[in-house]
There are 2 protein chains.
Amino acid sequence: MTRDEARALDAADPLRAIRNRFHLPDGILYLDGNSLGALPKASVGRLAEVVTREWGEALIRSWNDADWIDAPQRVGAKIAALIGAKPHEVIVADSTSVNLFKLIVAAAPLTPDRPVLLSEKGNFHTDLHIASGAVEMVPGMRLETVERAEVEGAIGEDTNLLLLTHTHYKSGAKFDMAALTAKAKAAGARTIWDLSHSAGAVPLALNADGAELAIGCGYKYLNGGPGAPAFLYIAEHLQDRLISPLRGWMGHAEPFAFTDDYVPAPGIARFLAGTPPVLSLAGLEAGVDAFEGVDLDALWGKSAALFELFAALAAERCPDLTCISPAERNARGSHISFAHPHAFEICQALIARGVIGDFRAPDVVRFGLTPLYLGFEDVWRAVDIMAEIMGRETWREPRYAVRGKVT
Amino acid sequence: MTRDEARALDAADPLRAIRNRFHLPDGILYLDGNSLGALPKASVGRLAEVVTREWGEALIRSWNDADWIDAPQRVGAKIAALIGAKPHEVIVADSTSVNLFKLIVAAAPLTPDRPVLLSEKGNFHTDLHIASGAVEMVPGMRLETVERAEVEGAIGEDTNLLLLTHTHYKSGAKFDMAALTAKAKAAGARTIWDLSHSAGAVPLALNADGAELAIGCGYKYLNGGPGAPAFLYIAEHLQDRLISPLRGWMGHAEPFAFTDDYVPAPGIARFLAGTPPVLSLAGLEAGVDAFEGVDLDALWGKSAALFELFAALAAERCPDLTCISPAERNARGSHISFAHPHAFEICQALIARGVIGDFRAPDVVRFGLTPLYLGFEDVWRAVDIMAEIMGRETWREPRYAVRGKVT
């Protein structure tokens with residue numbers, strides 16, 4: 001495919017206009033929206049309004065007048081619409097890590113005779129670290145991890161909770177949510193899905209797939225801004241059976257009654273803890289609002305087409321890279337990853353040329369294909385620059401081997 | 001005292017110029033800075049810069065280039081300077097509620113033979129709710145609460161942790177940090193101090209007072225903005241003995257090594273959990289920066305003088321109000337509270353006249369005296385308006401009895 005042909009695909013793309021909702025810096029090809037989503041243009045004004053008018057002018061009154069107090073539920077309902085859940089099944093709170101802790105500690109006691117929290121080796125590490133701490137809170141509980149290929153077979157009568165990341169942060173490989181959830185359920189276990197690399201890009205149907213528990217990130221495909229708060233999903237039928245270990249006042253039935261006794265709020269609101277970070281939450285709401293009117297099936301179709309173009313061009317022009325993401329459309333998420341012994345240096349050389357992807361230790365370079373604002377010509381140019389770098393071996397220059405704080 | 005005399009006190013106030021660092025809306029007397037601090041003018045530009053330049057233009061690179069990654073430590077060190085701690089003894093993370101949970105669950109196992117977490121009845125309720133959940137995480141642990149006057153006598157050989165709020169959210173009564181910490185220590189117990197209503201207004205000397213563990217709020221006297229993240233203090237000698245139950249990646253020794261095994265970061269950084277809310281954290285940093293060059297002893301002297309003026313004027317002009325805050329300077333914080341059977345309606349009538357304090361159930365009206373931006377004339381006018389309302393009994397109008405969502 002030539003650059004002109006890629007440009008023609010953009011011209012024919014019915015989602016092309018959505019790109020205008022985002023600020024995309026000049027001279028940059030941003031292939032890292034799965035790590036930090038780009039800035040929606042509307043977020044600038046919205047955040048300025050929260051700061052100057054809602055905080056600065058109205059001050060404490062904005063908890064009611066600007067509905068700060070309902071923001072966790074309101075934004076949760078907007079996210080629910082993107083992941084196939086009912087509006088009252090999703091709430092925004094804390095970080096993905098903290099939300100995972102809440103769900104593990106709350107859900108495990110429902111089946112006290114089952115001691116195992118089962119997960120995948122090489123799962124996103126914060127999930128495994130949080131899990132290792134959470135199981136210590138539940139008497140007799142332990143964390144067991146198995147290789148990805150062994151997960152399904154490892155579900156057994158000891159399994160209490162199965163903790164899986166829907167789209168793998170590194171490879172982009174995707175689990176079959178309906179099949180795994182059903183398999184676990186048949187064995188008497190519940191599944192917690194981490195949707196961080198799925199929500200906002202990959203088709204999700206939590207209700208239809210029988211999902212009971214999930215968490216996800218607000219600052220990747222949901223474009224909520226750096227460190228945006230996370231979300232948490234609990235299927236309706238389970239909500240009143242779970243008690244959060246983090247019993248903050250925002251999850252109390254009457255937060256402003258100031259009573260010593262803890263009475264959990266009805267429904268999912270009991271999974272709120274402390275006061276939410278209103279500025280960051282406003283950023284998340286504006287990010288989610290950028291999806292307004294977007295056909296999610298069309299969005300996924302575009303993501304898949306961007307992937308296929310990237311894979312084809314890279315195979316032709318960068319043959320030293322080994323694609324580690326699944327070729328099969330239904331088996332992958334919305335990013336493409338390649339292994340190379342010098343992945344770090346290649347990534348740095350690309351960044352120096354304005355192509356921003358990221359490195360994932362020890363040997364992977366990863367490119368997020370965010371269909372809301374990336375186009376086919378962007379993919380063409382990114383591979384073109386990568387081919388030029390690898391053809392000239394400029395990535396071998398010593399300056400590209402210097403590792404910064406965040407890699 | 002006349003209004004002119006109050007104005008003269010403002011003219012002679014060496015801290016008067018600090019008021020210009022804040023946006024104070026026209027027509028409002030804001031006496032609620034102990035609930036949500038006013039907007040520092042510099043925060044507007046700083047937050048716009050984070051949104052448009054750091055996020056919008058530099059995108060993911062800002063984790064390094066704008067030092068987002070070090071913000072929890074950097075802002076923690078700035079707060080440390082306000083509370084008498086070493087720079088590496090304070091970190092910004094999560095909410096006050098979540099931080100309290102971490103400290104209880106991490107510290108209690110240090111003395112496993114002691115089963116009691118002791119606190120005060122009527123402590124800020126989220127502290128008691130969090131405590132009730134946290135003790136369930138520690139085998140054999142239980143929460144016991146006693147009346148304020150009984151706290152000191154209740155410390156015994158069963159006491160593992162003593163959880164006290166330094167300045168009481170309702171009455172403004174202050175515990176003697178040095179004395180209580182020493183008393184608990186002599187009995188073999190550790191103390192966790194909640195500094196939410198102290199930090200930024202009341203003199204604090206955590207190191208000098210022997211404090212080992214503390215938490216506090218970022219959006220009250222620290223002016224961090226609505227829901228700003230909270231802080232956490234651990235005395236140097238304890239840091240490497242504690243493991244957070246919330247083992248998120250930001251607290252890992254090598255967050256970007258992506259290893260399955262959890263290895264806590266050295267020092268207080270291990271108490272970070274998930275990705276911090278960068279926008280809200282930037283708001284907190286700008287809020288703390290508003291203290292630059294302020295003499296904290298002078299600040300407290302002003303706070304005490306504002307209190308004394310408020311108390312004297314209210315005693316004279318609003319005799320139906322019962323002041324429930326301590327008259328003794330060393331026994332109180334930086335707000336003044338009054339009991340009245342119709343406190344709610346009085347508070348609402350005041351708000352309708354532009355005097356913003358707040359109601360605390362069941363019968364307290366509370367006024368925050370924020371010495372960074374309040375003056376003596378402000379206090380005079382607030383009491384003048386309150387006297388007028390109470391003299392005319394306009395607060396009995398039915399519209400003031402309607403309770404909103406957040407009271």
Side-chain angles (χ1 to χ4, degrees), chain A residues 23 25 30 32 35-36 39 44 47-48 51-52 55-57 59-60 63-64 68-69 94-98 101 121-122 125-126 128-130 132-133 137 145 225-227 229 245-249 252 256-260 262 273-280 283 356 360-361 404-407, chain B residues 23 25 30 32 35-36 39 43-44 47-48 51-52 55-57 59-60 63-64 68-69 94-98 101 121 125-126 128-130 132-133 137 145 225-227 229 245-249 252 256-260 262 273-280 283 356 360-361 404-407:
Chain A
H23 175 75
Y30 192 58
D32 213 0
S35 186
L36 172 64
L39 170 66
V44 178
L47 284 162
V51 173
T52 58
W55 174 17
E57 281 293 316
L59 288 157
I60 193 78
W63 280 106
N64 289 330
W68 289 349
I69 194 70
D94 300 304
S95 63
T96 313
S97 296
V98 172
F101 180 89
K121 283 187 200 298
H125 54 317
T126 200
L128 296 181
H129 303 158
I130 286 286
S132 77
M137 306 293 119
T145 57
L246 289 162
R247 303 176 186 170
W249 65 327
H252 194 279
F256 299 96
F258 294 88
T259 58
D260 285 7
Y262 174 71
T275 308
V278 171
L279 307 185
S280 288
I356 302 182
R360 284 297 172 254
K405 283 180 290 195
V406 181
T407 56
Chain B
H23 175 75
Y30 192 60
D32 213 1
S35 186
L36 172 64
L39 171 66
S43 301
V44 178
L47 284 162
V51 172
T52 58
W55 174 15
E57 280 294 315
L59 288 156
I60 194 74
W63 281 106
N64 289 331
W68 290 347
I69 195 71
D94 301 304
S95 62
T96 314
S97 296
V98 171
F101 180 90
K121 284 188 199 298
H125 55 316
T126 201
L128 297 181
H129 303 159
I130 285 286
S132 78
M137 305 295 118
T145 56
L246 290 163
R247 303 176 185 169
W249 65 326
H252 194 280
F256 299 95
F258 295 86
T259 58
D260 286 6
Y262 174 71
T275 309
V278 171
L279 307 185
S280 288
I356 301 183
R360 283 296 172 259
K405 283 179 292 194
V406 180
T407 56

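Below, chains carry the letters A, B, ... as their sequence lines are ordered, and counting in each starts from 1.
Note on Gly248(A), Gly283(A), Ala48(A): by heavy-atom pairs under 4.5 Å with chain B, the leading option is Gly248(A). Top candidate by heavy-atom pairs under 4.5 Å with chain A, chosen from Ile356(B), Ile60(B), Leu279(B), is Ile60(B). Counting heavy-atom pairs under 4.5 Å between each of Pro229(B), Ala273(B), Ser43(B), Gly225(B) and chain A puts Gly225(B) at the top. Of the listed residues Asp32(A), Thr52(A), Leu59(A), the one with more heavy-atom pairs under 4.5 angstrom with chain B than any other is Leu59(A). Most heavy-atom pairs under 4.5 Å with chain A: of the set Thr145(B), Leu246(B), Asp94(B), this distinction falls to Leu246(B). Options Ile69(B), Leu128(B), Ile130(B) differ in how many heavy-atom pairs under 4.5 Å they form with chain A, and the most are formed by Ile130(B). Counting heavy-atom pairs closer than 4.5 Å to chain A, the top residue among Ser280(B), Ser97(B), Ser35(B) is Ser280(B).
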Chi angles and distances behind the side chain to side chain contact (heavy atoms under 4.5 Å, CB included) call for Thr275(A), Trp63(A): CA-CA 11 Å; Thr275(A) 308; Trp63(A) 280 106; 3.5 Å; yes
Working for side chain to side chain contact (heavy atoms under 4.5 Å, CB included), residues Leu47(B) and Leu47(A): CA-CA 8 Å; Leu47(B) 284 162; Leu47(A) 284 162; over 6 Å; no
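For Ser95(B), the part sitting under 4.5 Å from any heavy atom of chain A is the side chain, from C-beta outward, and nothing else. Residue contact with chain A, scored on non-hydrogen atoms closer than 4.5 Å, involves the backbone of Pro276(B) exclusively. Only the backbone of Ala257(B) comes within contact range of chain A, judged by heavy atoms closer than 4.5 Å. In this structure, no portion of Thr96(B) lies under 4.5 Å from any heavy atom of chain A. For Asp260(B), the parts lying under 4.5 angstrom from a heavy atom of chain A are both the backbone and the side chain.
Using a 4.5 Å heavy-atom threshold, the side chains of Pro245(A) and Met137(B) count as touching. At a threshold of 4.5 Å between non-hydrogen side-chain atoms, the residues Phe101(A) and Phe101(B) count as touching.
Exactly one residue among Phe258(B), Trp249(B), Tyr262(B) makes a ring-ring contact (aromatic ring centres under 6.0 Å, His included) with His129(A). That residue is Tyr262(B).
Under the ring-ring contact (aromatic ring centres under 6.0 Å, His included) criterion, Trp55(A) pairs with no residue at all, not counting sequence neighbours. Under the ring-ring contact (aromatic ring centres under 6.0 Å, His included) criterion, His23(A) pairs with no residue at all, not counting sequence neighbours.
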